[in-house]
Amino acid sequence: MTLALGCIADDYTGASDLANTLTRCGLRTVQTIGVPPGDLNLPDVDAVVVALKSRSIEASQAVAKARAAEKWMRGRGASHVLFKICSTFDSTDAGNIGPVMDALRADSGNAVVLVTPAFPETGRTVYQGNLFVGSVPLNESPLKDHPLNPMHDSNLVRVLARQSKLRIGLVDLSVVAGGADAVRAHLAELSRQGFAAAVADAVFASDLEIIGTVALDHRVSVGASGIGLGLARALVASGRVKTNKATDISGNSVGGPAACLAGSCSQATLQQIAKAEQTMPVLHIDPEQVVAGRAETRRALDWAKTRLAESPILIASSSTPDQVAALQARHGRDAAGHAIEQAMADIAEGLVTSGVRRLVVAGGETSGAVVDRLGIPGFLVGPEIAAGVPVLRAVGARDGEMLLALKSGNFGGPDFFADALKLMQ
Ligand code: ADP
């Protein structure tokens, strides 16, 4: 297997979003959970997305994990490695985007690293280095209230400069509009001036194609699924990858009981939970009780067991920003988040023991905790439920055949849970 593209994703839902984008562009793609163990039987693919759970861990650990993944990919022929981050640039001043970017650049030569979280089809655009979420700047979007990475500055040149030891420049839209050679000339000039990375503006998909074309000249780039799209299209246009039909994961239907878990507190997920109440039993677990001990998890599993045979169920920890802030004030941000993630993982494990083989999870960190607990080493990418959210079929899972959907909090329409279950038979 010689990889045309290697990708390192800083969370699991981001990885499946990217794998979905690459698949749509015609790249045969597999998503692995961490660096694959030697005995994992990987199909022949163009791209591998190694999913890490490194967005909110200590920066030095995130760097070590990303370096190990990069080494594995380079060993399989990947000449370009994309570090996949969230399209809302989720991070803090401590990292982890800057430290990982610095380390990957140091491992891969000294070219200027192109950075853009833009993904216009999902409403993420970058202009003059400022990230917009739909029509509002990042710092006015719901991301200002994120439980782990509240984003208070929309200027990504500034945000990244606070995290990185490198000098961060800008490739503004007028340069991108000039085409690939204009971007190359601008990067050469930035390099002469001592810049080591540059945030690239992108407002349309065509901007991403130009950025992707130029990024392929280099060994490393940083961005969301949008730059993945640009890289994939550039690989296909250059003939380095022949377009393939999406990996067929339809296979046998999996059947059996189905369940949904929501640990995201995003506005989109809160709305989706409210909508799900109309079609399936929903249990809201009490976050305060979750932090206090394991009784709440047992209560949730008892509740689920009596209902699973009848219909899919949804268990949610999600609360409004006020309630999240109050819980965090009492217990600390990390302790509260971790306790709830682990409770969700406990619940997922219990549900699988009860026979659930179709599982929908809302929330990036939440999905990470769940997939780790279930010990799933990798996924093949199937049909798209909503923009950026594919159906995933587990590869090499200890519990056998399973279908999952891992959704970043903000993704999906109001009927997301029902939409997912329809495609997961
Ligand atoms: P998203 O994809 O929306 O970012 P994540 O799962 O990545 O969702 O992050 C949500 C975080 O909030 C997780 O750490 C989760 O455990 C935590 N969380 C979930 N419910 C609550 C709650 N009611 N109060 C405080 N934190 C919560």
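It should be emphasised that the depicted structure is a prediction, and the values quoted were computed from it without experimental measurement. Computation of the quantities below employed the complete heavy-atom set of this structure, encompassing side-chain atoms and omitting hydrogens, waters and symmetry-equivalent molecules.
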Can you see which heavy atom on [X] is nearest to which on [Y], and at what distance?
{"X": "G364", "Y": "T13", "result": "CA-OG1, 3.4 Å"}
{"X": "Q342", "Y": "A369", "result": "NE2-CB, 4.3 Å"}
{"X": "I8", "Y": "A69", "result": "CG1-CB, 3.9 Å"}

Is any side-chain N of the basic residue among [X] and [Y] closer than 4.0 Å to the acidic one's carboxylate O?
{"X": "D372", "Y": "K53", "value": "no"}
{"X": "R299", "Y": "D286", "value": "no"}
{"X": "D102", "Y": "K165", "value": "no"}
{"X": "R373", "Y": "D346", "value": "yes"}

Got [X] and [Y] here, is their nearest side-chain heavy-atom distance under 4.5 Å?
{"X": "V133", "Y": "R124", "result": "yes"}
{"X": "P287", "Y": "S319", "result": "yes"}
{"X": "L359", "Y": "L374", "result": "yes"}
{"X": "L216", "Y": "L231", "result": "yes"}
{"X": "S108", "Y": "R74", "result": "yes"}
{"X": "V171", "Y": "V112", "result": "no"}

Report task. Give the intermediate values and the outcome of side-chain contact (heavy atoms from CB on, under 4.5 Å) for residues V30 and V48. Result -> CA-CA 5 Å; V30 74; V48 169; 3.8 Å; yes

Just list the side-chain donor-acceptor pairs under 3.5 Å for residues 405-412, sequence neighbours left out, or say none.
residue: K407; atom: NZ; partner: T269; partner atom: OG1; Å: 3.0
residue: K407; atom: NZ; partner: Q272; partner atom: OE1; Å: 2.9
residue: K407; atom: NZ; partner: G409; partner atom: O; Å: 2.5
residue: K407; atom: NZ; partner: F411; partner atom: O; Å: 2.8

Pairs under 3.5 angstrom only: tabulate donor-acceptor contacts from the side chains of residues 415-425 to other protein residues two or more places apart or in another chain.
residue: D415; atom: OD1; partner: K275; partner atom: NZ; Å: 2.9
residue: D415; atom: OD2; partner: K275; partner atom: NZ; Å: 3.4
residue: Q425; atom: NE2; partner: L421; partner atom: O; Å: 3.2
residue: Q425; atom: NE2; partner: K422; partner atom: O; Å: 2.9

Requested in this report: Spell out, as yes or no, whether a donor-acceptor pair under 3.5 Å connects the side chain of D201 to the backbone of L173.
Outcome: yes

Requested in this report: Could you check E288 against H331 for side chain to side chain donor-acceptor pair (under 3.5 Å), going step by step and ending with a plain yes or no?
Outcome: CA-CA 9 Å; E288 195 63 59; H331 301 285; 2.6 Å; yes

Query - Approximate separation, where rounding is to 0.5 Å, of C7 SG and M73 CE - result: 6.0 Å

Query - Exceeds 12 heavy-atom contacts within 6.0 angstrom, atom CZ of R398 - result: yes

